[in-house]
Amino acid sequence: MAKYFLNLLFPLLFILPKTFSTAEGDTFLKSINRNPLKPRISHFRFYGHIIFGGPNATVVNVVPPRVNVKKRSYGLVNMMDIPLTKTPKSGSKLLGRLQGIDGRAWHEKLVQLMAMNIVFFTKKYNGSTLTLLGRNPMSEEVREMPVVGGSGLFRFARGYLQASTYSVDFQTRDNVIEYIVHVFDY
């Protein structure tokens with residue numbers, strides 16, 4: 001009986017995918033030629049230049065904090081378009097941009113909820129992105145945020161980003177952040 005069942009089942013494995021086809025002849029179900037057991041690991045280091053004021057601001061406040069909260073920054077929402085460079089110097093080679101939004105998410109401490117994309121501009125990575133979503137406790141020396149996805153060469157990406165303050169201008173509040181990213185993708 002089992003042999004009879006297997007003799008019927010085996011031919012169905014070849015016929016069944018052909019039944020899910022579109023008018024153009026493409027099959028509904030396709031296999032991908034990538035090996036999910038061998039992810040590629042990428043490591044990046046770059047520097048973000050955060051400028052809070054003036055005509056070249058890279059962080060702009062879009063929602064001010066509510067007046068009646070304990071800490072004035074709680075509830076503040078910013079949009080970011082931060083250049084990412086190869087070295088901490090502002091004239092260094094542009095590698096991409098960090099674009100997204102952050103909101104101050106805690107009454108007691110400076111903690112941000114961040115939703116960001118790293119958009120790459122260089123060589124084979126041009127146009128590829130990494131997506132970050134997570135908590136950024138600004139008072140910690142090294143902050144870690146998860147990489148939750150990506151596009152282009154980073155489809156199905158996962159990993160983490162570590163951010164640390166490289167330098168601060170206390171007059172303008174402008175600063176340079178060092179980003180180290182570790183990513184698995186397929």
Side-chain angles (χ1 to χ4, degrees), residues 41-122 125 127-152 154 156-185:
I41 301 172
S42 302
H43 303 277
F44 298 96
R45 179 188 307 258
F46 40 76
Y47 298 85
H49 301 270
I50 299 173
I51 302 169
F52 285 101
N56 298 322
T58 62
V59 176
V60 177
N61 177 249
V62 293
V63 177
R66 291 184 52 175
V67 177
N68 63 348
V69 296
K70 280 197 242 179
K71 302 286 182 184
R72 291 218 21 95
S73 65
Y74 175 71
L76 178 105
V77 177
N78 293 316
M79 289 299 297
M80 300 173 286
D81 184 19
I82 299 168
L84 300 173
T85 60
K86 189 172 184 172
T87 70
K89 295 183 177 158
S90 62
S92 177
K93 180 180 179 181
L94 183 67
L95 301 176
R97 299 191 82 79
L98 181 67
Q99 298 171 328
I101 189 168
D102 76 59
R104 303 290 165 82
W106 194 8
H107 283 281
E108 302 300 321
K109 294 184 179 180
L110 184 57
V111 174
Q112 299 171 311
L113 168 65
M114 304 188 87
M116 305 178 291
N117 287 308
I118 297 171
V119 183
F120 292 95
F121 295 157
T122 59
Y125 300 107
S128 295
T129 66
L130 290 172
T131 301
L132 308 159
L133 177 65
R135 182 177 188 266
N136 185 357
M138 297 298 293
S139 61
E140 293 182 14
E141 187 175 331
V142 177
R143 286 103 47 204
E144 187 171 297
M145 288 167 275
V147 173
V148 297
S151 67
F154 298 112
F156 301 111
R158 68 183 194 283
Y160 65 97
L161 172 140
Q162 291 177 315
S164 56
T165 304
Y166 182 83
S167 66
V168 177
D169 181 336
F170 291 103
Q171 297 280 28
T172 62
R173 297 180 329 158
D174 298 347
N175 53 69
V176 176
I177 306 295
E178 178 185 49
Y179 296 104
I180 299 172
V181 184
H182 303 275
V183 178
F184 287 101
D185 63 271

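Small disclaimer: the values here were computed from a predicted structure and weren't measured.
- Between Leu84 and Phe120, every side-chain heavy-atom pair lies at or beyond the 4.5 Å cut-off.
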Quick one: do Ile41 and His43 satisfy side-chain contact (heavy atoms from CB on, under 4.5 Å)? Show the steps, please.
-> CA-CA 7 Å; Ile41 301 172; His43 303 277; 3.4 Å; yes
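- Contact record, Val147 with Val181: CG2-CG1, 4.2 Å, taken as the closest heavy-atom pair.
- The shortest distance between side-chain heavy atoms of Val148 and Leu130 does not fall below 4.5 Å.
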Let me see the working for Phe154 and Phe44 under ring pair (Phe, Tyr, Trp, His ring centres under 6.0 Å), right down to the final yes or no.
-> CA-CA 13 Å; Phe154 298 112; Phe44 298 96; 5.8 Å; yes
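- Distance check: Asn136 CG to Arg143 CZ gives 5.5 Å after rounding to the nearest 0.5 Å.
- At distances below 3.5 Å, not a single donor-acceptor pair connects side-chain atoms of Asn117 with backbone N or O atoms of Val119.
- Screening Ile82, Thr129, Leu132 for a side-chain contact (heavy atoms from CB on, under 4.5 Å) with Ile118, the sole residue that qualifies is Leu132.
- Nearest heavy atoms, Gly134 versus Pro146: CA-CD, 4.1 Å.
- No side-chain N or O of Asn175 forms a donor-acceptor pair with one of Thr165 less than 3.5 Å apart.
- Screening Asp102, Ile101, Thr58 for a side-chain contact (heavy atoms from CB on, under 4.5 Å) with Met80, the sole residue that qualifies is Asp102.
- Put simply, CD on Gln162 and CD1 on Ile180 are 6.0 Å apart, with the number rounded to the nearest 0.5 Å.
- With contacts defined as side-chain heavy-atom distances shorter than 4.5 Å, the pair Pro88/Tyr166 qualifies.
- Using a 4.5 Å heavy-atom cutoff, the side chains of Asp185 and Ser42 are in contact.
- Listed by first then second residue, pairs satisfying salt bridge (charged side-chain N to carboxylate O under 4.0 Å, His left out) with a partner in residues 79-100 read Asp81-Arg97, not counting sequence neighbours.
- Looking at Leu113 and Arg135, their side chains never come closer than 4.5 Å, going by heavy atoms from C-beta outward.
- In this structure, Met114 and Leu161 have side chains that are not in contact, with every pair of non-hydrogen atoms separated by 4.5 Å or more.
- When all heavy atoms are compared, the tightest approach of Gly127 to Ser151 is O-OG, 4.3 Å.
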Listing, residues 46-55 side-chain donor-acceptor contacts under 3.5 Å, not counting sequence neighbours, or none:
unit_1: Tyr47; atom_1: OH; unit_2: Glu178; atom_2: OE2; d: 3.2
unit_1: His49; atom_1: NE2; unit_2: Thr85; atom_2: OG1; d: 2.7

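- Side-chain contact check for Gln112 versus Met138: some heavy-atom pair is nearer than 4.5 Å.
- For Asp169, there are no salt bridge (Lys or Arg N to Asp or Glu O under 4.0 Å) partners two or more places apart in sequence or in a different chain.
- Contact annotation: the side chain of Ser139 never approaches that of Leu110 to less than 4.5 Å [non-hydrogen atoms, C-beta and beyond].
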